Amino acid sequence: MSSHAHSLLERLTEPQRQAVEHRGTPLLVLAGPGSGKTRVITHRIAYLVACGESPSSVLALTFTNKAAGEMRRRVQELMSGHGDASRIVAGTFHAFGARVLRRYAEQADVPSDFTVLDTDDQAKACKQAISEAGEGSDRFTPNAVLSEIGGFKDQLLSPDAAAAQSRDWRARTIARIFAAYEKVLARSKALDFDDLLCRTARLLREHEEVRELLRGRFRNMLVDEYQDTNHAQFCMVHELAREHRRLCVVGDPDQSIYGWRGADLRNILQFEQSFPDATVIPLGENFRSVRPIVDAASTLIQRNRQRRHKELRSMRGEGDAPIYVRCVDERSEALRVVRELEAGRERGVPWKGMAVLYRMNSMSRVLEEALRRADIPHQVVRGTAFYDRREVRDLVAYLRLAANPQDELALGRVANVPARGLGDTSLSRIELHAAKRGMPLIEALRMPEEAGVTARAANAARKLAELVLAWRREAEGSPAEALGELVGRIARESGLEAHYLQEDRENADEGESRVENLAQVVSASSEFVSERLAQEAVGEEEGVPPLRTGLDALRAYLERIALVADSDAFDPENGAVTLMTLHAAKGLEFPLVCMVGLEQGSLPHARSMDTPGDLEEERRLCFVGMTRAEDRLLLTSAASRTMRGQPMATIESMFVRELPDEVVREDTTEDYGDDGSDGIDAPAPRPGGLRVGMRVRHPLFGVGTIEAVSPRGGSTALRVAFAAVGRKTLIQEFARLQVIG
DNA sequence: TGGCCGTGACTTTTT
DNA sequence: GTCACGGCCA
């Protein structure tokens with residue numbers, strides 16, 4: 001063994017070392033939270049290479065780009081010159097699938113220059129398919145259909161196969177819509193995210209020569225977050241690894257929280273059935289959290305039936321027990337959180353070491369408001385990422401058109417953005433005409449008269465087609481370096497820039513400017529290209545074709561943004577408290593964590609309370625949240641929570657009762673809204689609770705006396721005489737008045 | 001064609 | 001409460 005290989009085994013615990021060293025049979029590492037999962041994977045890769053395996057024989061699959069990037073970075077560090085880390089293939093399942101499909105496009109029966117649809121286009125394509133199948137979207141909502149189509153794809157079923165196994169009318173209809181959907185995608189030369197997996201799995205299953213080539217190349221496989229794999233991903237892994245069986249998967253069934261997205265827990269629970277001579281190594285030592293936090297989370301998760309037994313032990317020793325508080329309402333809850341964060345700050349925890357977690361994005365609002373009032377710097381990890389914003393997607397749609405003028409979905413999105421007189425009626429007329437004549441839509445746009453549209457629409461259509469084709473020519477004729485200029489030109493000539501400039505002006509308080517976001521796309525594209533060209537110069541990323549023309553660059557950039565969601569935008573270096581959903585928190589850790597909304601209906605969520613399997617997933621979600629905390633964990637619930645504008649009495653989460661007695665139940669009678677400070681956050685009085693003569697406190701005006709109460713429209717107007725500012729008329733529902741005394 | 005208004009729906013969302 | 005979509009009217 002080389003000394004470098006030897007040194008890699010130092011500073012690992014015994015089970016970690018076993019997992020790194022193990023050879024010869026498939027390996028399942030059951031890695032509890034904070035047990036050094038990433039450490040094991042990265043050390044294992046570096047160790048394999050140090051023992052003489054070629055870096056290019058290593059394939060490491062992850063779910064997120066962030067995880068893949070982190071893995072590459074850490075492996076590189078560990079290898080420190082012992083071998084070429086850049087030849088290791090570490091990427092997401094989807095990116096790997098896309099790469100294989102492009103390479104073996106012919107065998108996979110996909111166009112080699114396919115584009116990848118985002119969720120929005122997927123919905124549009126689905127709508128289109130529903131209507132092409134002759135159904136109304138009243139009976140079949142795109143989202144419901146899409147999730148069934150996703151299910152078919154996950155099971156590697158073709159539309160025909162799906163139709164063949166349909167029992168009733170509804171299933172047969174959905175299979176027909178599925179077939180229509182596949183046609184829409186094919187016309188646009190597009191694949192959706194599920195295609196990247198299922199088509200790769202089918203390619204590997206059906207084409208022995210491709211399978212053998214890839215098996216020969218990737219003789220060392222690793223899979224991260226194995227509990228989140230779906231059936232198609234399992235097939236990809238199984239096809240590649242079942243012969244050489246040099247496979248190491250790492251995961252934790254207790255942290256499987258994506259069942260609703262198709263993750264199949266059986267993949268990890270029944271690993272030994274799929275790979276009969278498998279070895280299993282549990283990692284139960286937790287190096288992240290203090291003992292009472294680990295114990296509380298562990299007690300909770302033991303209620304689940306669908307799990308593999310694993311003792312969790314804190315290696316950090318004693319610390320504060322988690323605290324649970326039942327608050328009056330969500331505002332009071334938010335204030336309790338604020339108090340906790342401020343106390344943490346006083347103990348020396350930096351803001352960035354704190355997180356507030358919730359089940360639903362809609363719960364962030366009240367928290368944001370409270371943190372803003374308390375002047376606590378914070379960032380919300382949003383559901384809608386940069387590339388999800390309207391203006392960005394509009395520009396991206398134009399870019400896609402330039403790359404692929406046949407992209408009907410992109411065209412449909414921006415044909416009339418900004419408004420150019422080419423509305424739905426004319427567009428569908430032209431679409432119909434194109435379909436009849438069997439010509440690409442872009443060609444039909446150039447001769448709109450044939451479709452019989454108004455002169456205004458015809459003019460707009462022709463201009464649009466000419467624009468798109470001109471961009472396309474420029475893309476082909478310009479060097480890759482000039483991508484930024486091309487993107488800038490498209491932003492300008494499409495009219496988007498002027499359009500959003502106008503909108504920015506009218507909407508000064510949008511917070512951030514849409515035009516600025518467009519400019520960000522321009523700079524992001526040009527940064528992307530220079531990065532890629534720099535990599536090419538040093539010969540990194542083998543097997544990826546070099547970028548020559550602007551068109552190559554444009555395609556590569558589009559692929560990147562299709563496959564890179566930007567939860568990657570989460571920046572832990574930012575000196576701010578992080579607000580995010582429990583799902584988004586997976587894989588992260590913070591010294592101080594607040595988890596809000598522990599109520600029946602929120603956690604567990606109302607839609608997941610009735611079936612035992614779903615309920616267990618909710619419990620795992622709670623487990624994941626709790627185990628993010630290193631030193632201190634605050635759990636809260638609100639006795640009353642406003643949902644859909646209505647205040648509703650809530651029932652404490654069943655998970656609270658499942659926690660051990662050691663968890664401190666804090667005094668619940670305390671009202672954080674009535675702490676005598678400025679009264680800003682006092683809960684509003686119940687309607688009708690105010691009477692003439694009452695003394696009240698207003699956040700801005702101070703203390704006063706109610707002089708009159710009168711109904712006005714649907715609300716109640718109050719005349720209040722304030723000591724400091726005199727008489728004011730206030731609307732009761734909006735003025736957060738607090739009754740004194 | 002396009003804008004405005006009313007209705008309904010509304011977990012989570014690695015790619 | 002908020003957002004998105006569909007229908008209706010100018």
Side-chain angles (χ1 to χ4, degrees), chain A residues 61-69 91-98 116-120 122-123 127 136-138 141-143 146-147 150 191-197 224-225 227-230 232-233 255-263 330 357-363 365-366 381-385 387-388 390 415-427 453-454 456-457 460 559-568 570 580-588 597 601-609 614 617-618 620-622 624-625 641-647 733:
Chain A
L61 295 173
T62 64
F63 279 82
T64 65
N65 293 290
K66 199 170 153 193
T92 64
F93 275 95
H94 292 84
F96 175 71
V116 180
L117 295 190
D118 58 42
T119 344
D120 202 56
Q122 228 182 325
K127 242 187 223 163
S137 51
D138 47 335
T141 67
N143 273 342
L146 226 32
S147 105
L191 299 186
D192 63 22
F193 284 126
D194 297 324
D195 281 328
L196 298 178
L197 307 177
D224 191 17
E225 306 277 17
Q227 76 282 352
D228 290 335
T229 49
N230 63 22
Q233 285 161 327
Q255 293 182 67
S256 164
I257 55 176
Y258 286 102
W260 51 275
R261 256 188 129 263
E330 67 266 43
L357 310 181
Y358 35 82
R359 177 68 232 265
M360 287 169 288
N361 279 308
S362 61
M363 297 168 98
R365 184 174 226 105
V366 117
V381 178
R382 270 201 229 81
T384 48
Y387 285 107
D388 280 342
R390 196 177 67 200
N416 209 25
V417 180
R420 50 167 67 86
L422 179 58
D424 287 343
T425 325
S426 301
L427 187 64
V453 296
T454 62
R456 178 160 72 141
E559 170 130 339
R560 154 73 67 98
I561 60 185
L563 295 180
V564 176
D566 55 12
S567 57
D568 307 355
F570 165 65
M580 62 185 152
T581 64
L582 288 163
H583 282 90
K586 197 175 96 171
L588 304 175
S602 292
L603 183 67
H605 191 273
R607 291 221 187 165
S608 304
M609 280 168 44
D614 289 352
E617 181 153 312
E618 296 291 312
R620 291 195 291 268
L621 201 47
C622 189
V624 165
R641 183 176 297 279
T642 305
M643 304 188 76
R644 297 184 209 161
Q646 291 296 315
E733 279 77 5

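Protein chains get the first letters and strands the later ones, always in sequence-line order, with residue 1 at the start of each. All of these numbers come straight from a predicted model, not from anything done at the bench.
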Contact nearer the 5' end of DNA chain B, comparing Asp228(A) with Arg456(A):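 Comparing both residues, the 5'-ward one is Arg456(A).
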5' precedence on DNA chain B between His583(A) and Arg420(A) (nearest-nucleotide basis):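 Checking each residue's closest nucleotide, the 5'-ward one belongs to Arg420(A).
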Just compare [options] and give me whichever is closest to any side-chain atom of [X].
X         : options                   : answer
Ala457(A) : dT1(B), dT11(B), dT15(B)  : dT1(B)
Arg607(A) : dT13(B), dT1(B), dC10(B)  : dC10(B)
Tyr258(A) : dT14(B), dT15(B), dT2(C)  : dT14(B)
Ser608(A) : dT11(B), dT2(C), dT14(B)  : dT11(B)
Trp260(A) : dT11(B), dT12(B), dT15(B) : dT12(B)

Rounded distance in Å - [atom1] ([X]) to [atom2] ([N]):
X         : N       : atom1 : atom2 : value
Met360(A) : dT2(C)  : CE    : P     : 16 Å
Leu582(A) : dT13(B) : CG    : C1'   : 14 Å
Glu330(A) : dG1(C)  : CD    : P     : 12 Å
Arg641(A) : dC10(B) : CZ    : P     : 20 Å
Asp194(A) : dT14(B) : CG    : P     : 14 Å
Met643(A) : dT2(C)  : CE    : P     : 15 Å
Asn230(A) : dT14(B) : CG    : P     : 15 Å
Arg365(A) : dC3(C)  : CZ    : P     : 7 Å

Side chain Arg420(A), main chain Ala415(A), donor-acceptor under 3.5 Å: yes
Evaluation steps, side-chain contact (heavy atoms from CB on, under 4.5 Å), between Met363(A) and Leu603(A): CA-CA 12 Å; Met363(A) 297 168 98; Leu603(A) 183 67; over 6 Å; no
Ignoring backbone atoms, test whether [X] places a side-chain nitrogen or oxygen under 4.0 Å from the OP1 or OP2 oxygen of [N].
X         : N       : value
Asn65(A)  : dT14(B) : no
Asn361(A) : dT11(B) : no
Thr581(A) : dT13(B) : yes

Which part of the nucleic acid, if any, lies within reach of [X] when heavy atoms closer than 4.0 Å are counted: base, sugar-phosphate only, or nothing?
X         : answer
Phe93(A)  : nothing
Asn416(A) : sugar-phosphate
Ser426(A) : sugar-phosphate

Verdict with supporting geometry, Tyr358(A) and Thr581(A), side-chain contact (heavy atoms from CB on, under 4.5 Å): CA-CA 5 Å; Tyr358(A) 35 82; Thr581(A) 64; 3.9 Å; yes
Aromatic ring pairing Phe93(A)/Phe63(A), orientation class (parallel under 30°, perpendicular over 60°, tilted between): tilted
Whether His94(A) stacks on the six-membered ring of dT15(B) base, 5.5 Å and 30° limits: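 The base of dT15(B) is not stacked with His94(A) (the test needs centres under 5.5 Å and planes under 30°).
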Gap between atom CD of Glu618(A) and atom CE of Met609(A) - 0.5 Å precision: 9.5 Å
dT15(B) base / Arg261(A) side chain donor-acceptor hit below 3.5 Å: yes
Aromatic centroids of Trp260(A) and His583(A) separated by under 6.0 Å: yes
